[in-house]
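In what follows, residues are counted from 1 in the order of the sequence shown.
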Amino acid sequence: MPDLAGEDGKLVTLARSTRARTSAAEGAAVRDSDGRTYAAATVDLPSLQVSAVAVCVAMAVSSGSRGLEAVVVLTDAGSLAERDLDVVRDFAGAGVPIHRGDPRGRVVETRES
């Protein structure tokens with residue numbers, strides 16, 4: 001699968017740098033319907049576990065966003081987590097592209113919410 005270009009390519013860069021900075025299992029970035037971006041890493045504390053995608057969506061919701069245009073998640077996992085698909089679908093509805101890439105930023109799968 002080719003690398004993402006343009007605005008979606010920027011999401012890969014944001015997700016990659018966030019994951020690297022925190023040494024987290026996943027890094028994610030989203031672009032909302034106003035063009036704002038949010039990047040986050042997985043939260044894995046004894047009392048709180050949240051995926052990187054869910055943190056991004058929570059940031060967008062708490063900032064007053066009304067939808068998403070695109071999602072990128074970088075992970076070692078072999079597939080997109082169904083729970084992350086559900087989170088994106090619950091907030092932004094159907095048809096949002098969700099790109100899964102490896103930790104180096106190479107996109108290996110794209111699905112829609």
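Each of R100, R19, R104 was scored for a salt bridge (charged side-chain N to carboxylate O under 4.0 Å, His left out) with D76, with one residue passing: R19. Each of D84, D32, D90, L68 was scored for a side chain to side chain contact (heavy atoms under 4.5 Å, CB included) with V57, with one residue passing: L68. Exactly one of V50, T18, V30 qualifies for a side chain to side chain contact (heavy atoms under 4.5 Å, CB included) with V55. That residue is V50.
Shown here for E109 and S79, the closest heavy-atom pair between the two residues is OE1-CA, 3.9 Å. Closest of all the heavy-atom pairs between A52 and A41 is CB-C, 3.7 Å.
When the side chains of ILVMFWY residues are joined at heavy-atom separations under 4.5 Å, either directly or via intervening members, M59 and V88 end up in a single hydrophobic cluster. Hydrophobic clustering (ILVMFWY, side-chain heavy atoms < 4.5 Å, transitive): V96 and V72 are in distinct clusters. V43 and V61 fall within a single hydrophobic cluster, where Ile, Leu, Val, Met, Phe, Trp and Tyr side chains are chained together by heavy-atom contacts under 4.5 Å. Put simply, L14 and V71 are part of two different groups of oily side chains (I, L, V, M, F, W, Y) that touch within less than 4.5 Å, one to the next. By the rule that hydrophobic residues join a cluster once side-chain heavy atoms approach within less than 4.5 Å of another member, Y38 and L74 end up as members of separate clusters.
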Steps toward salt bridge (Lys or Arg N to Asp or Glu O under 4.0 Å) verdict (R83, D86): CA-CA 5 Å; R83 188 169 201 145; D86 291 342; over 6 Å; no
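Salt bridge annotation for D8-R31: present, with a cationic side-chain nitrogen under 4.0 angstrom from a carboxylate oxygen.
Counting only distance, with no hydrogens or angles, the side chain of T75 and the backbone of A77 share a donor-acceptor pair below 3.5 Å.
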